[in-house]
Amino acid sequence: MKKYEVIVIGGGHAGTEASLASARCGSNTLLVTQNFNTIGQMSCNPSIGGIGKGHLAKEVDALGGVMARAADASGIHFRTLNKKKGPAVWATRSQADRDLYKAYIQKKIKGQKFLDVLDGEVVDIIIKNNEITGIELGDGAKIETSNVILTAGTFLSGMIHIGDKMISAGRIGEKASNKLANRMKDLDLMMGRLKTGTPPRLDGLSINFKKLIEQPGDNPRPVFSFTGSSSDHPDQVKCYIARTNEKTHEYIRQSLDKSPLFNGVITGKGPRYCPSIEDKVTRFSEKTSHQIFLEPEGLNTNLIYPNGISTSLPEKDQEKFIRSIEGLEKVNIQKYGYAIEYDFFDPRELTAFLENKKIKGFFMAGQINGTTGYEEAAAQGIVAGINASLKSQERDMWSPSRENSYIGVMIDDLITQGAPEPYRMFTSRAEHRLYLREDNADKRLTTIGWELGSVNEERFNMFNKKQEEIDKEMERLLDLKFIENEKTISAKEFLKRPNNTYKSLKGYVKNYTFAENHVGVNCAIRIKYEGYIERQNNEIKRNKKDEEMELPSKINYSLIEALSIEARENLTIARPQNLRQASRVPGVTPAAISILKVQIKAINSNKKKMANHGK
C-alpha cells in the first residue's frame with residue numbers, strides 16, 4: 001500500500017472534517033473506517049447547532065468545513081434560539097433528516113481530491129522513538145505515515161448498558177475498537193472512562209400529537225452555511241413538546257436500583273448539561289415535570305427522537321415510564337435507549353495544535369478528548385486536519401485563540417483544564433462573546449482558512465464579495481441622516497439603540513436603496529456592538545504582552561514551593577506553553593501567575609549569563 005502524509009482513524013464528525021480539511025490543504029490523506037456506509041452517521045439526535053454549538057458549526061463552515069452545508073442540505077426544521085437576548089448569543093439549530101445528512105457527507109468524502117477511504121479496523125498505531133511511523137490493520141497490512149489523527153469517538157472499549165445488559169459496541173450495532181484500545185493502554189498516556197447516553201426511538205404513528213404542543217420552525221428560516229440559502233433546504237416538518245409528570249417520576253424512582261447509572265455498574269462520568277432522565281428526576285426532585293422535545297428523524301421515516309429522556313433503564317421500565325406521559329400512552333418503542341461507556345485521553349497531554357506532547361505526529365480529535373456533541377467533535381477535527389497537513393508539509397501549525405473563536409475557547413479549556421466530565425460548549429464559556437458571534441464567524445476565520453489552505457478560491461472570493469458589500473453599506477449608513485420626532489439623527493445613532501434593527505430603519509427612511517437583508521443585519525449588529533468591542537480589543541492588547549510570556553518546557557513546577565500543591569500538580573500535568581494557558585489551569589491564581597513571571601525572568605536571566613560566559 002502507498003504511503004500517506006496523513007491518516008485519519010474514524011469516520012464520525014471529527015474524522016470527516018479532519019480528513020476533508022487535510023486533503024483540502026493538499027496532503028495525500030487516508031480515512032480508515034470500519035464501514036464506509038456509516039460515515040457521517042448521526043448516532044444520537046439528528047440535529048446540528050444550539051446554544052454555543054451553532055457558533056462552532058458556523059466557525060467550522062468559515063474554515064471551509066462541511067458540517068453547516070450538510071445541515072442546510074438535510075435540515076427539516078430550523079430555529080434561531082436565544083432570540084430574546086442580544087445577537088451575540090443567537091444560536092442556529094436545525095433538525096436534520098438523518099439519511100440526507102449522511103448522504104451529503106459521503107458525497108463530499110467521495111468527491112474530495114487527495115482523499116482515499118479504506119474500510120478496515122485499525123489495531124495498532126506504529127510508534128518508533130516517540131514518532132508516528134504508520135498503522136496496522138486487522139488483516140496484518142501496514143500503511144506508512146508520519147501523521148495520524150485518532151477520532152475514535154465512543155469506540156475505544158465502548159460498552160453499551162441497558163439495565164443489566166452489557167454489550168461491547170462503539171454504538172448500537174457496531175463493534176467496539178477493543179484491540180486498538182488495548183494497544184493505546186500500552187502507551188504512557190493518561191486515560192479515563194466517560195459516559196454518554198441516548199433516548200429510545202418512538203414510532204410516530206403511535207403518538208397522539210393532538211395532546212402535545214406544536215412547535216413550528218422559524219419563518220423566515222435561518223440558514224446555517226455562509227454559502228447557503230433557504231432554497232437548499234428540503235421539505236420542512238413540525239416538532240412537538242410533551243412533558244413528564246409525577247407518575248412518570250415515580251416509575252423512574254422505583255426503577256433506580258436497576259439503572260447502571262445508579263447501582264455502580266457505570267463508573268464513567270456523564271455529561272452534566274445533558275443528563276439522563278434518571279439524573280433529572282434525582283437531582284431536581286423539586287420539579288414535578290420536565291420538557292421533552294419530540295423531533296422527527298427524517299422525511300421518509302416515522303421514527304421520533306424524544307429529546308430529554310436519555311435513559312439506560314431496562315426495556316420494560318422504559319416502556320412503563322414513557323407510556324405515563326400524555327400523548328404517549330400507546331406509543332410503540334422502536335429502539336430502546338442506552339448508556340455507553342468508553343475510553344478517552346486526558347486532553348491536557350495535547351498541544352494547542354491537538355498534537356500529543358509525547359508522540360510526534362499523533363493528533364487526537366473528538367469525543368476521545370473528553371468532549372460531547374457533534375459540533376465540538378467537528379471543530380476539533382478541522383483543526384487537527386489542518387495541522388496534520390501543515391506538519392506533513394513542514395509548515396508552521398495553527399492554533400485558534402480564545403479571542404478569535406469558540407474553537408479556540410474549547411481547545412484552550414481542554415488542554416489547560418482537562419475533561420473531568422464530558423465537555424460541552426456554551427456561549428458563557430467565552431470572555432469575548434460580544435465579538436464571537438455567529439454572524440461574523442466568516443469575518444473572523446475565513447481569511448485564516450484561505451491562508452492555511454482549508455478554504456478554496458471560490459469560497460474566498462464569495463467571502464470577499466460579501467465583505468465588500470458590508471463595508472460599502474456601513475459607509476452609506478454612516479452618512480445617512482433622517483428626521484425622527486422633529487430631530488435630525490444619524491442611522492448609526494438609531495441602530496445603536498437596543499431594540500432598533502435594520503428592518504425598523506426602513507420605517508423612517510424614504511428614498512434610500514436598502515441592501516440585502518443579511519448585509520443590513522450584519523451592519524446593524526456591528527454598529528450596536530462597536531463600542532463594546534473597541535473596549536474589549538483595548539483590554540486584549542493590554543493583557544497580551546504578559547500572557548504571551550513563554551514558559552520553559554522543562555520547568556520543574558514541583559520545586560516552586562511558593563505555588564500551592566494543587567497548582568504544582570496541575571501545572572505539571574498540563575505543561576502550559578505560556579502564561580495565558582497557565583492562567584486557565586485549575587488552582588493557578590493571579591498570585592501564582594506573578595510567581596511564574598518571576599521564574600521566567602530568572603530562567604531567562606540565567607540563560608543570558610550562560611551565553612555570555614560561553615563567549
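What you see is a predicted model; the values in this text were computed from it and never measured. Quick note: numbers below take in every heavy atom, side chains included, and nothing from hydrogens, waters or symmetry partners.
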For the backbone of Leu303 and the side chain of Arg201, can you confirm whether one donor and one acceptor N or O come within less than 3.5 Å of each other?
no
If you round to the nearest 0.5 Å, how far is OG of Ser74 from CZ of Phe224?
10.0 Å
Which residues satisfy the side-chain hydrogen bond (donor to acceptor under 3.5 Å, both in side chains) test with Asp72, sequence neighbours excluded?
His233
With a 4.5 Å heavy-atom cut-off, do Arg79 and Leu81 have their side chains touching?
yes
Quick check: does any side chain N or O of Thr311 sit under 3.5 Å from a backbone N or O of Ile277, one acting as donor and the other as acceptor?
no
Side-chain heavy-atom pair Pro87, Tyr529 within 4.5 angstrom cut-off
yes
Got a donor-acceptor contact below 3.5 angstrom from the Arg433 side chain to the Ala430 backbone?
yes
Are Gln112 and Arg24 close enough, and set up right, to give a side-chain contact (heavy atoms from CB on, under 4.5 Å), and what steps lead you there?
CA-CA 8 Å; Gln112 180 61 54; Arg24 284 198 309 275; 3.7 Å; yes
Qualifying residue for side-chain contact (heavy atoms from CB on, under 4.5 Å) with Ile411, from Val409, Asp413, Ile415
Ile415
Look at Arg580 together with Asp412 and state whether they make a salt bridge at an N to O cut-off of under 4.0 Å.
yes
Close side-chain approach of Phe353 and Ile386, heavy atoms under 4.5 Å:
no
Using only atom types and a distance under 3.5 Å, with no angle test, would you say the side chain of Gln236 pairs donor to acceptor with the backbone of Gly75?
yes
Starting at CD of Glu297, measure out to CD1 of Ile304 and round the result to the nearest 0.5 Å.
8.0 Å
Any salt bridge linking Glu473 with Arg476? Criterion: basic side-chain nitrogen under 4.0 Å from a carboxylate oxygen.
yes
Has Thr244 got a side-chain atom pairing as donor or acceptor with His290's backbone, closer than 3.5 angstrom?
yes
Specify whether Tyr101 and His13 have parallel, tilted or perpendicular ring planes, treating 30° as the upper limit for parallel and 60° as the lower limit for perpendicular.
tilted
I'd like to know if Arg93 and Asp218 make a salt bridge, using a cut-off of under 4.0 Å between side-chain N and carboxylate O.
no
Just checking, any donor-acceptor pair under 3.5 angstrom between side chains of Gln380 and Asn369?
yes
Candidate pair Ser231 and Ser229, rule side chain to side chain donor-acceptor pair (under 3.5 Å), full reasoning
CA-CA 5 Å; Ser231 62; Ser229 72; 2.6 Å; yes
List the steps, then state whether side-chain contact (heavy atoms from CB on, under 4.5 Å) holds for Phe226 with Met462.
CA-CA 9 Å; Phe226 288 105; Met462 288 177 66; over 6 Å; no
Crowding at CZ, Phe36 (>12 non-hydrogen neighbours, <6.0 Å)
yes
Under 3.5 Å, is there a donor on one side chain and an acceptor on the other for Ser47 and Glu295?
no
Verdict with reasoning, Thr80 to Glu438, per side-chain contact (heavy atoms from CB on, under 4.5 Å):
CA-CA 11 Å; Thr80 300; Glu438 278 196 358; 5.9 Å; no
Could you go through residues 514-523 and list every donor-acceptor pair under 3.5 Å that involves a side-chain atom there, pairing it with any protein atom two or more places apart or in another chain?
unit_1: Asn522; atom_1: OD1; unit_2: Arg526; atom_2: NE; d: 3.2
unit_1: Asn522; atom_1: ND2; unit_2: Asp439; atom_2: O; d: 3.3

I'd like to check Ile207 versus Leu212 (side-chain heavy atoms, cut-off strictly below 4.5 Å). Are they in contact?
yes
Main-chain N/O of Gly11 paired to Thr16 side chain as donor or acceptor, under 3.5 Å:
no
Distance-only, no hydrogens or angles: does the Thr301 side chain make a donor-acceptor pair with backbone N or O of Gly298 under 3.5 Å?
no
With a cut-off of 6.0 Å (strictly less than), are more than 12 heavy atoms of other residues, nucleotides or ligands near NZ of Lys443?
no
Residue Lys110 excluded, over 12 heavy atoms near NZ under 6.0 Å
no
NZ (Lys107) with more than 12 external heavy atoms under 6.0 Å
no
Heavy atoms only: give me the nearest Ala88-Leu434 pair and the separation to one decimal.
CB-CA, 3.9 Å
Looking at Trp90, I'd like to know if the NZ or CZ of Lys85 sits under 6.0 Å from its six-membered ring centre while staying within 45 degrees of the ring's axis.
no
Closest approach of Val455 and Ala62, non-hydrogen atoms and distance?
CG2-O, 3.6 Å
Considering only heavy atoms from C-beta outward, does the side chain of Thr196 approach that of Pro422 to under 4.5 Å?
no
Could you tell me whether the side chains of Gln95 and Asn45 share a donor-acceptor contact shorter than 3.5 Å?
yes
As an exercise, state the distance from NZ of Lys210 to CD of Glu326, rounded to the nearest 0.5 Å.
14.0 Å
Residue pair Tyr406 / Glu375, side-chain donor-acceptor N/O under 3.5 Å:
no
Has the side chain of Asp97 got a donor or acceptor atom that lies under 3.5 Å from a matching backbone atom of Leu299?
yes
Option from Lys58, Gln467, Glu59 for which side-chain contact (heavy atoms from CB on, under 4.5 Å) with Asp442 holds
Gln467
Taking the side chain as everything from C-beta on, heavy atoms only, tell me whether Lys472 gets closer than 4.5 Å to Glu468.
no
Rounded distance [0.5 Å steps], CG in Asn440 versus CG in Asn404:
10.5 Å
Of all heavy-atom pairs linking Leu150 and Ile368, the shortest is O-CD1, 3.0 Å
Using only heavy-atom distances, determine whether the side chains of Thr227 and Ser225 contain a donor-acceptor pair under 3.5 Å.
yes
Among Leu31, Asn387, Ile149, Leu115, find the residue that satisfies the side-chain contact (heavy atoms from CB on, under 4.5 Å) test when tested with Val6.
Ile149
Using atom types as modelled and distance alone, determine if a side-chain donor or acceptor of Trp398 lies under 3.5 Å from a backbone N or O of Val383.
no
Between Asp99 and Asn300, is any pair of side-chain heavy atoms under 4.5 Å apart?
no
Mark yes or no for whether Gln106, through its side chain, and Ile39, through its backbone, hold a donor-acceptor pair below 3.5 Å.
yes
Is any side-chain heavy atom of Ser19 closer than 4.5 Å to a side-chain heavy atom of Ile109?
yes
Short N-O contact, Glu214 and Lys238, less than 4.0 angstrom
yes
Walk me through whether Arg424 and Lys53 qualify under side-chain contact (heavy atoms from CB on, under 4.5 Å).
CA-CA 8 Å; Arg424 192 221 144 133; Lys53 292 172 174 284; 3.5 Å; yes
Gap separating the CG atom of Leu495 from the OG atom of Ser504, nearest 0.5 angstrom:
7.0 Å
Decide if atom OH of Tyr512 counts as having more than 12 heavy atoms of other residues, nucleotides or ligands within a radius under 6.0 Å.
yes
Euclidean distance, Leu350 CG relative to Leu414 CG, rounded to 0.5 Å:
8.5 Å
